There are 2 protein chains.
Amino acid sequence: MTAVSTDFAQALRDAGLRVTQQRMIVMSVLMESEDHPNADELFARTKVIDGSVSFATVYRTLAALEEAGLIRKLSFEHEPARFEVTPAAEHDHLVDVDTGEVIEIESAEIEQLRRELVERLGYEIISHNTLIRARKKPRS
Amino acid sequence: MTAVSTDFAQALRDAGLRVTQQRMIVMSVLMESEDHPNADELFARTKVIDGSVSFATVYRTLAALEEAGLIRKLSFEHEPARFEVTPAAEHDHLVDVDTGEVIEIESAEIEQLRRELVERLGYEIISHNTLIRARKKPRS
DNA sequence: ATAGCTGCAAAAGTTTTGCATTCCA
DNA sequence: TGGAATGCAAAACTTTTGCAGCTAT
């Protein structure tokens with residue numbers, strides 16, 4: 001029997017962090033989220049499970065988890081930062097400017113080109129983040 | 001005799017905005033900037049030229065110019081938004097995580113793939129913004 | 001003349017932090 | 001036990017806004 005693929009506790013320990021109730025809750029809430037919640041929303045969802053988790057802890061937890069590479073922070077414009085668990089494969093985000101909906105898109109081909117381009121400049125990619133603002137095309 | 005390629009005043013009028021001293025100063029300062037300054041830095045550089053330009057006006061001008069499509073707002077993480085004059089060709093930004101240096105990179109090939117990918121989803125790109133965090137490779 | 005801009009200062013909104021207390025290792 | 005993490009509340013920061021006066025058109 002192998003362990004579950006996402007063992008929060010172990011991931012925290014591996015990162016040299018303590019396994020606290022608060023971190024487990026915040027992380028599980030984020031993993032269950034289909035959308036990309038911001039700190040405020042995470043706090044609200046967390047409070048339902050455990051009303052004692054403070055706002056400061058949500059922020060501190062997010063900072064710690066991001067530092068550890070377990071989650072990712074997404075900086076959009078005109079709105080507070082959102083978060084997502086670090087995806088297995090890198091992907092870009094398409095924002096529908098009319099509805100605000102966020103769609104995840106991915107292209108191995110683009111990834112490859114980007115990696116080559118960056119390497120030619122003498123760098124290696126640590127992570128990347130693409131935000132595409134788009135509008136639904138009127139069907140022709 | 002043709003007009004200079006970058007006629008601020010005309011661009012403002014075309015956008016239905018008034019040509020004010022403050023806007024001219026902010027816009028010229030941004031155009032002269034080799035880097036990607038944030039509002040605070042723009043305010044500082046602007047103050048050297050005209051000490052009467054207020055912080056509020058810098059923000060309001062940036063918002064107006066962005067709305068008009070003359071400049072672009074870049075949302076980085078852990079720091080205030082930066083600005084650049086709208087580039088002729090779209091380009092991505094590579095941030096050296098060790099030095100904070102921002103390098104502009106571009107690839108027509110990636111642009112093309114991205115556009116196709118998005119179109120296949122039924123969208124058309126309004127603008128996009130890519131942030132690549134990278135580290136200089138040790139020379140082998 | 002007048003709608004649009006600006007300056008000033010105050011407010012709003014997001015994120016961080018000091019400190020005493022609690023808790024994991 | 002001892003350092004790390006938390007809760008609370010206050011502070012720090014970035015960005016926005018109300019309002020009276022100014023200015024480009």
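Every value quoted in this text rests on a predicted model; they were computed, and no experiment measured them. Below, read A as the first sequence line, B as the second, and so on, with proteins coming before strands; counting in each chain starts at 1.
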Distance in angstrom units between Glu67(A) CD and dA5(D) C1', rounded
16 Å
Close residues, residues 37-58 of chain A, relative to DNA chain C [heavy-atom separation under 4.0 Å]:
Phe55(A), Ala56(A)
In the 5' to 3' direction, the nucleotides of DNA chain C bounding the stretch that comes under 4.0 Å of a heavy atom in chain A are dT14(C) to dA25(C)
Just the rounded figure in Å: distance from C1' of dT25(D) to CD of Gln10(B).
14 Å
With distance as the sole test, does Ser33(B) use its side chain to make a donor-acceptor pair with the main-chain N or O of Val29(B) at under 3.5 Å?
yes
I'd like to know if the side chain of Ser75(A) pairs up with that of Ser75(B) as donor and acceptor (distance under 3.5 Å, no hydrogens or angles considered).
no
Pull out every residue in residues 15-24 of chain B that has a heavy atom closer than 4.0 Å to any atom of DNA chain C, ordered by number, or say none.
Leu17(B), Arg18(B), Thr20(B), Gln22(B), Arg23(B)
Check this for me: does any side-chain nitrogen of one of Lys47(B) and Asp40(B) sit under 4.0 Å from a carboxylate oxygen of the other?
no
Between the side chains of Asp35(B) and Arg45(B), is the shortest nitrogen-to-carboxylate-oxygen separation below 4.0 Å, so that they form an ion pair?
yes
Does a donor on one side chain sit under 3.5 Å from an acceptor on the other, for Glu41(B) and His36(B)?
no
Atom-pair distance (CZ on Arg60(A); P on dC8(D)), nearest Å
11 Å
How close or far is atom P of dT23(D) from atom CG of Leu12(B), stated in whole angstroms?
18 Å
Separation of Glu77(A) atom CD from dT16(D) atom P, in whole Å?
11 Å
If we only count heavy atoms from C-beta on, is the His93(B) to Ile132(B) side-chain gap below 4.5 Å?
no
Are Tyr123(B) and Leu94(A) packed together at the side-chain level, in the sense that at least one heavy-atom pair is separated by less than 4.5 angstrom?
yes
Please check this pair: side chain of Thr86(B) against backbone of Ile71(B), looking for a donor-acceptor N/O pair closer than 3.5 Å.
yes
Sugar-phosphate only, base, or nothing, as touched by Ala64(A) at under 4.0 Å among non-hydrogen atoms
nothing
Quick one: do the Glu111(B) and His91(B) side chains pair a donor with an acceptor below 3.5 Å?
no
Pair Glu77(A) + Arg133(A): basic N to acidic O under 4.0 Å
yes
With a cut-off of less than 4.0 Å, is there a side-chain N or O of Tyr59(B) near OP1 or OP2 of dT16(D)?
no
Within this structure, what is the CZ-to-P distance between Arg13(A) and dA5(D), rounded to whole angstrom?
14 Å
Examine distances only and state if a side-chain atom of Arg82(B) and a backbone atom of Phe76(B) form a donor-acceptor pair shorter than 3.5 Å.
no
